[in-house]
Amino acid sequence: MTALRHSFIAGIGHYVPSRVVTNAELEPLMNTSDAWIQERTGIQERRWFEEGKDTTANMAANAARKALNMAGLAPNDVQLIVFATLSPDYFFPGSGVLLQRELGITNNCPALDVRNQCSGFVYGLSVADQFVRTGMYDTVLVVGSEIHSSGLDKSPEGRGVSVIFGDGAGAVILRPSTIEGQGILSTHLHSQGEYAEELIVKEPGSNRDNRVQNILDNKADLYPYMNGQNVFKHAVVRFPQVIKEALDQNGMQPADIDMLIPHQANLRITQYVQHKMGLSDDKVFSNIQRYGNTTAASVPLALSEAVQEGKIKRGDLVCLAAFGSGFTWASALIKW
Ligand code: UT7
């Protein structure tokens, strides 16, 4: 086993379904309006999956292939898969093994499934980072992939939640850093279970006598429930807190951040965090306008686009931050 070392992002990629769903398309379904959605969330459109084409696992595979390609690696080089999603293909097994199969990985590498909703990718990145740091693995694939659109209440009753979420996937390859000071500097994970029911999909829960009958009797509980105002209230506190925690641990200031990649929860939350941290517009990346909130996929999807658009360059200080259901929240500070 080698001494502790840094991991770095050697490759990154994303995939979104081709079907664009505008706010205008939701108006007749949900008694909503483009103006309401844009004013409250900043979202203009999102992607919805195509049945028979997109799955949570194959969207992850599409993103992973791009990440592998950028890293100059083949699928069988992957030594660990970490898969973050709240919308797995099956109740069990988790989507990690499906991704392994989809990529044609035949080396029997472990596939770990992470259930931390909007914070899932940053949690997964932290897990992967620990494995690389200790020397147990050299090549770890971390993905966030979500299909929300098949599970949303698309009637007026569901409008408070359903206008927000979208489908997509993002992936990174972690490798040991060969450059001194480059890579993931630290990760910070938190949760507060007292708020578990504030953003929840309750069914199919296991703790009922007859689970299947219970689902048939309580179909509404298969849809997401969100106490939006309370989630908002906690998000605007936890985001700055966990970003500051990462900076403090590394002896840095907000002014040192070159690019903040926040979980794309709501543009208003991002703007609040930006203001609170004193960051200029060019130091905060947002693509929620085009994709909505893709929960575990949102951070790698945003990071991947920022890289693709040339907004992050070698040596930049990049901060990832997330908050969501659980409540869970997390950050990662990366010297790119
Ligand atoms: O990624 C996980 C973390 N999630 C979040 O961070 C989400 C945090 N929360 C939010 O972003 C906001 O709470 C929402 C965008 C979800 C909702 O905004 P809000 O300002 O908190 O709205 P509200 O739920 O308090 O509803 C205000 C009004 C209500 O009407 P009345 O009672 O004032 O007449 C709602 O019925 O807006 C109505 N409303 C809508 N109207 C049109 C709720 N949803 C819609 C809609 N279209 N889609």
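Nothing here was measured: the structure is a model prediction, and the numbers come from that model. Start at 1 and go down the list; that is how both ligands and their atoms are numbered.
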#### Entry: Contacting atoms of ligand 1, where contact means under 4.0 angstrom from a heavy atom of V163
48 (N)

#### Entry: Heavy-atom protein contact below 4.0 Å for atom 13 (O) of ligand 1
yes

### Task
Keeping the roles fixed (side chain from D34, backbone from A24), state whether a donor-acceptor pair exists under 3.5 Å.
no

#### Entry: Heavy-atom donor-acceptor pair, R159 side chain to T32 backbone, under 3.5 Å
no

#### Entry: Nearest protein heavy atom under 4.0 Å from atom 32 (O) of ligand 1, yes or no
no

### Query
Between R40, Q264, H263, which one has a non-hydrogen atom sitting closest to atom 22 (O) of ligand 1?
R40

### Message
Between ligand 1 and N31, is the shortest N or O to N or O distance under 3.5 Å?
### Response
no

### Query
So which protein heavy atom does atom 23 (P) of ligand 1 come closest to, and at what separation?
Q229 NE2, 4.0 Å

### Query
Could D258 and K311 be called an ion pair, given the rule that one side-chain N must be under 4.0 Å from one carboxylate O?
no

### Task
Anything under 30° is parallel, anything over 60° is perpendicular, the rest tilted; go ahead and classify H148 against F165.
parallel

#### Entry: D129 vs R5, salt bridge (charged side-chain N to carboxylate O under 4.0 Å, His left out): CA-CA, chis, key distance, verdict
CA-CA 10 Å; D129 179 46; R5 52 193 183 163; over 6 Å; no

### Query
Looking only at atom types and distance, does a side-chain atom of E198 sit under 3.5 Å from a main-chain N or O of N227, one as donor and one as acceptor?
no

### Query
Which atoms of ligand 1 have any heavy atom of A265 under 4.0 Å away?
1 (O), 6 (O)

### Message
Quiz question for you: does at least one protein heavy atom lie closer than 4.0 Å to atom 44 (N) of ligand 1?
### Response
yes

### Message
Check for me, please, whether L29 and L222 land in the same ILVMFWY cluster - side-chain distances under 4.5 Å, paths through other members count.
### Response
no

### Query
Does the N or O separation between W36 and ligand 1 drop below 3.5 Å for any pair?
yes

### Heavy-atom nearest neighbour of atom 6 (O) of ligand 1 within options N266, I269, N293
I269

#### Entry: Under 3.5 Å: N/O of T295 near N/O of ligand 1
no

### Query
Would you call L26 and V21 a side-chain contact if the rule is heavy atoms closer than 4.5 Å?
yes

### Query
Does ligand 1 have any atom that is closer than 4.0 Å to a heavy atom of C118?
yes

### Query
Please state which protein non-hydrogen atom is closest to atom 47 (N) of ligand 1 and give its distance, to 0.1 Å?
T32 OG1, 2.6 Å

### Query
Is the distance between the ring centroids of H263 and F323 less than 6.0 Å?
no

### Query
Taking 4.0 angstrom as the limit, do R208 and E203 come out as a salt bridge?
yes

### Query
Got the closest protein heavy atom to atom 38 (C) of ligand 1, with its distance?
R159 NH2, 3.7 Å

### Task
Distance to 0.1 Å, residue and atom name: give those for the protein heavy atom nearest to atom 9 (N) of ligand 1.
G228 O, 3.0 Å

### Geometric class of the Y195/F327 ring pair [parallel <30°, tilted 30-60°, perpendicular >60°]
parallel

### Query
Does E25 come within less than 4.0 Å of R19, counting only side-chain N to carboxylate O?
yes

### Query
Do ligand 1 and T41 have nitrogen or oxygen atoms that lie under 3.5 Å from each other?
no

### Message
As a test of understanding, state which of D138, L125, T139, L141 forms a side-chain contact (heavy atoms from CB on, under 4.5 Å) with L174.
### Response
L125

### Task
Identify, by atom number and element, the atoms of ligand 1 in contact range of G160, meaning under 4.0 Å from any of its heavy atoms.
16 (C), 44 (N)

#### Entry: Distance-only N or O hit between ligand 1 and V231, under 3.5 Å
no

### Message
Please report whether atom 29 (C) of ligand 1 has a protein non-hydrogen atom at a separation of less than 4.0 Å.
### Response
no

### Query
Can a protein heavy atom be found under 4.0 Å away from atom 36 (O) of ligand 1?
yes

### Task
Under 4.0 Å from a heavy atom of I164: give me the atoms of ligand 1 that qualify, with their elements.
16 (C)

### Query
Does the protein place any heavy atom closer than 4.0 Å to atom 19 (P) of ligand 1?
yes

### Query
Hey, quick one: are L99 and V114 part of the same hydrophobic cluster, counting side-chain heavy atoms closer than 4.5 Å, chains of contacts allowed?
no

### Task
Please state whether M30 comes within less than 4.0 angstrom of ligand 1, counting heavy atoms only.
no

#### Entry: ligand 1 contact on M226 by region, counting heavy-atom pairs under 4.0 Å
side chain

